[in-house]
Amino acid sequence: MKTKHITFQIVLLYLSCILCLAGFILTLRYQSATIPSLTIVAGGFWWILILFCIYKICRLSHRRVVFHKGIYAPRDLDEIDGVDFEELTCDILVANGFEMAENTQASSDFGVDVLARKDGITYAIQCKRYHDTVGIEAVQQVYAGRDYYECHVAVVLTNQYFTSSAHKLADKIGVVLWDRDMLEQLL
């Protein structure tokens, strides 16, 4: 489903590029003789829109790549940004037998980055792509987010490890911690 949505967005961006190019051509044709300075400004505007569309197409094409088990190691995930880590988490979960895994909206996610389902059990997952250990804040966030999204299980997934206080709190309140070792098993 994610790949189809991205493909649809890419097609819309290609159409937008064509429309922008047509707008640029029409601007050159009808404005060049009357007001040359306006032609330059309008032409620049159209080129900026075209370049923006091309940038978005490249970015979406990168995200359309389908994850296959065995092509990544945990160290590969240390260099990607947080948004890409969340997107990749969805693909990793699906490749590992989850029926559904999707991102929540970036803002106001209530401590949950990914919602997933496997064997009728729903998961609220907080993704933490860090350079250091993950503390109790992530455990607290996903614990609250689990109830908000009405999920059965709360999980914190990281490319690193957890502090001892994060382990203690997670054990006490029933949050599952998937650290670098678990991530390696999923990859």
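These values consider heavy atoms only, across backbone and side chains, with no hydrogens, waters or symmetry-generated copies. Position 1 is the first residue of the sequence, and the numbers go up from there.
- Of the residues listed (L183, V114, V142), the one engaging L157 in a side chain to side chain contact (heavy atoms under 4.5 Å, CB included) is L183, and it is the only one.
- Taking each heavy atom of F85 and N159 in turn, the nearest pair found is CZ-N, 4.2 Å.
- Judged purely by atom type and a 3.5 angstrom limit, D113 uses its side chain to pair as donor or acceptor with the backbone of C127.
- To the nearest 0.5 Å, the span separating OG on S16 from CD1 on I54 amounts to 11.5 Å.
- We find the OH-CG distance between Y143 and L169 to be 9.0 Å, quoted to the nearest 0.5 Å.
- For T163, the side chain to side chain contact (heavy atoms under 4.5 Å, CB included) partners two or more places apart in sequence, or in a different chain, are T133, S165, A166.
- In this structure, the side chain to side chain contact (heavy atoms under 4.5 Å, CB included) partners of L49, at least two apart in sequence or on a different chain, are C20, F45, W46.
- For the pair K128 and A138, the tightest heavy-atom approach, listed with the atom from each and the gap, is CE-CB, 3.7 Å.
- Take D147 and apply the salt bridge (Lys or Arg N to Asp or Glu O under 4.0 Å) test, not counting sequence neighbours, and it matches no residue.
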Item to check | Test side-chain contact (heavy atoms from CB on, under 4.5 Å) applied to Y161 and D181, step by step | outcome: CA-CA 8 Å; Y161 295 97; D181 297 333; 2.9 Å; yes

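- Between the CG atom of D171 and the CG atom of L177 there is a distance of 7.5 Å, given to the nearest 0.5 Å.
- Distance check: Y55 OH to L13 CG gives 12.0 Å after rounding to the nearest 0.5 Å.
- The main-chain N or O of V94 is never found under 3.5 Å from a side-chain atom of D91 such that the two would form a donor-acceptor pair.
- One finds the CG atom of L187 at 7.5 Å from the CG atom of L88 (value rounded to the nearest 0.5 Å).
- For Q160, the side chain to side chain contact (heavy atoms under 4.5 Å, CB included) test picks out D78, Y130, T158, R180, with sequence neighbours left out.
- Criterion: ILVMFWY side-chain heavy atoms under 4.5 Å apart, direct or through other members. Under it, F162 and I173 are part of a common hydrophobic cluster.
- A distance of 6.0 Å separates CH2 of W178 from CG of L93, quoted to the nearest 0.5 Å.
- When side chains are defined from C-beta on, V112 does not count as touching Y148, because their heavy atoms never get closer than 4.5 Å.
- Residues forming a side-chain hydrogen bond (donor to acceptor under 3.5 Å, both in side chains) with Q141 (at least two apart in sequence, or on another chain): Q126.
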For residues 117-125, please give each side-chain donor-acceptor pair under 3.5 Å, one per line with the distance, not counting sequence neighbours.
{"from": "K118", "atom 1": "NZ", "to": "N96", "atom 2": "O", "distance (Å)": "3.3"}
{"from": "T122", "atom 1": "OG1", "to": "H152", "atom 2": "N", "distance (Å)": "3.0"}
{"from": "T122", "atom 1": "OG1", "to": "H152", "atom 2": "ND1", "distance (Å)": "3.1"}

